[in-house]
Amino acid sequence: MKTVMPATGRGPLSGAVMEQLSAWLATERYARSMVPQILGVTRGLSAWMDDHDIALQALTVGVLDSFEAAYGRTVPGHTLVATRMPPLRRFLTETGYLPGVELARRQVRRPVNKPAPPISTAADRELDQWARWQREVGGIGAGCIGHRRIWMAELVDSLCPTDDRIDWSTCDVATLNTFIVARSAGLSSASCTLIVDATRSLMRWALATGRVTHDLTGGILRTRATRVTLPRALSPTQVEALLAACHPKSVSGVRDRAVITLLWRLGLRAGETAHLCLDDIDWAAGRLSVVGKGPRRLTLPLPVDVGRALVTWLAVRPTNACDRALFVRVRPPIRALSSGGISDIVKHRGEAAGLGAVHAHRLRHTAAMNVIAGGGNLIEAQELLGHRSAASTQTYARTDVTSLRTLTVPFGQVPR
């Protein structure tokens, strides 16, 4: 068995591909100790392909699997090949040397939805105008608007007697409720709530633009409220367990503790946390600037415990991070964490703490309900969460006193 790091390069991956890989590793900021190992494994793969008469055009996932299989547990170099092949596979995929692999992975992870049935031109035009109203007047995000459009396309299209005209006079409470019942059949309670919300938004727009003369939202069916749909906050014990799961002597533990502290104390969304930059912190004024939905920039106070957690993290933050992102990966490639990465931190630390899968948004609920538990009102909670409309914050008013008694400490206090 040949060594995985031949002294000289040969085979289909030598030359231009190796030079491209070297540049890619530098761009992705892999650790200096890892770069020669990845290059060595690549030279070994190239030599192995040369021995088996495999051209670059014939490179497939199966070829890579066969190469790894050739270095079983009893073969020298097994550990090196096993640990350095993942970044090599990623390079080959991103640069197109494994044609079709990335597309196939996306198709497996995100199945292509069946195309929506065609709707009339008039319905499509109405949905576009409703979307513009939601975006400009309500500050609704593109994702929510897209989902609402899918829910309501059938209803709006049913109001078209012809392809170029909408007859809103045929829309009444009975029509709306019949649609909601039919559209919600077989769906979860959460999806049913989204359908009702979308219907209400559509009818508010129709009233505001003079398409209907009466407010029909009062007669629209309401989904049954259950304790499952109420905001759920973490108890003091749960918060302490979540923070304790972040080991203070590891870099990732320090980072994760700062992330979780920021989430549960200030009620940030995972995406807002991921987009934070070093320049967003005003240490002198004790404030944090956050880009919320809209996008709108919010200015929040920086509590002492949040500031301490951030200072501890910045002291160990990788110095070779290429951008100004506040939270970055601690292993190569060093780059900003995505919103999914922030969510994974909360999820994994929750599992380590024995709490099961804790979602990042639950920490946002915790922050809001702490305001109420500490004697604050909905306006204060609204300011903390950055809600443009007070209606978005009113969901916390449905929380009963028993739930409030299980909450964490008030905003100005810190758990031990």
Side-chain angles (χ1 to χ4, degrees), residues 189-190 193 224-248 250 252-273 288 290 300-310 312-313 327 339 341-387 392-416:
S189 59
T193 300
R224 185 179 65 179
T226 64
R227 291 194 60 84
V228 176
T229 62
L230 293 175
R232 291 195 306 152
L234 295 178
S235 67
T237 302
Q238 290 173 322
V239 171
E240 292 177 0
L242 196 60
L243 293 173
C246 306
H247 200 286
S250 68
S252 61
V254 172
R255 179 202 61 190
D256 294 356
R257 186 182 182 90
V259 167
I260 292 172
T261 301
L262 199 64
L263 290 172
W264 86 267
R265 291 286 278 138
L266 296 183
L268 300 188
R269 299 178 179 90
E272 294 169 347
T273 305
L288 183 68
V290 181
L300 299 175
L302 194 64
V304 174
D305 59 322
V306 176
R308 288 174 178 169
L310 292 177
T312 304
W313 156 241
F327 295 112
S339 59
I342 298 294
S343 298
D344 285 343
I345 286 175
V346 181
K347 175 184 176 183
H348 295 154
R349 295 302 180 181
E351 293 173 345
L355 303 177
V358 178
H359 299 287
H361 215 73
R362 191 172 176 188
L363 296 180
R364 180 172 169 83
H365 292 324
T366 301
M369 295 170 70
N370 281 341
V371 173
I372 300 174
N377 54 39
L378 291 179
I379 299 300
E380 293 172 326
Q382 177 185 351
E383 293 176 351
L384 175 65
L385 298 180
H387 286 159
S392 300
T393 319
Q394 287 176 356
T395 182
Y396 298 101
R398 297 182 293 135
T399 306
D400 54 47
V401 176
T402 303
S403 298
L404 291 177
R405 289 172 179 169
T406 66
L407 296 183
T408 53
V409 295
F411 186 79
Q413 300 179 19
V414 182
R416 295 180 180 178

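Index from 1, following the sequence.
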According to side chain to side chain contact (heavy atoms under 4.5 Å, CB included), who are the partners of H359, at least two apart in sequence or on a separate chain?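 Expected list: none.
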Mind checking side chain to side chain contact (heavy atoms under 4.5 Å, CB included) for A309 and listing every partner two or more places apart, or none if nothing turns up?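 Checked A309 against side chain to side chain contact (heavy atoms under 4.5 Å, CB included); matches are A258, T261.
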Steps toward side chain to side chain contact (heavy atoms under 4.5 Å, CB included) verdict (L243, W264): CA-CA 11 Å; L243 293 173; W264 86 267; 4.3 Å; yes
When you measure from the side chain of R257 to the backbone N and O of C246, does any donor-acceptor pair fall under 3.5 Å? no
Taking the side chain as everything from C-beta on, heavy atoms only, tell me whether V306 gets closer than 4.5 Å to L288. no
[X] to [Y] - nearest heavy-atom pair and separation:
X	Y	value
A270	S339	CB-O, 3.8 Å
L242	R349	CD1-C, 3.7 Å
P248	V254	O-CG2, 3.3 Å

Out of curiosity, [X] [atom1] to [Y] [atom2], how far, rounded to the nearest 0.5 Å?
X	Y	atom1	atom2	answer
E272	I342	CD	CD1	11.5 Å
T273	I260	OG1	CD1	11.0 Å
F327	L262	CZ	CG	5.0 Å

Could you walk me through whether L266 and V290 satisfy the side chain to side chain contact (heavy atoms under 4.5 Å, CB included) test, starting with their C-alpha distance in whole Å, then the side-chain angles of each, then the deciding distance to 0.1 Å, before giving a yes or no? CA-CA 11 Å; L266 296 183; V290 181; over 6 Å; no
Could you walk me through whether R362 and V346 satisfy the side chain to side chain contact (heavy atoms under 4.5 Å, CB included) test, starting with their C-alpha distance in whole Å, then the side-chain angles of each, then the deciding distance to 0.1 Å, before giving a yes or no? CA-CA 10 Å; R362 191 172 176 188; V346 181; over 6 Å; no
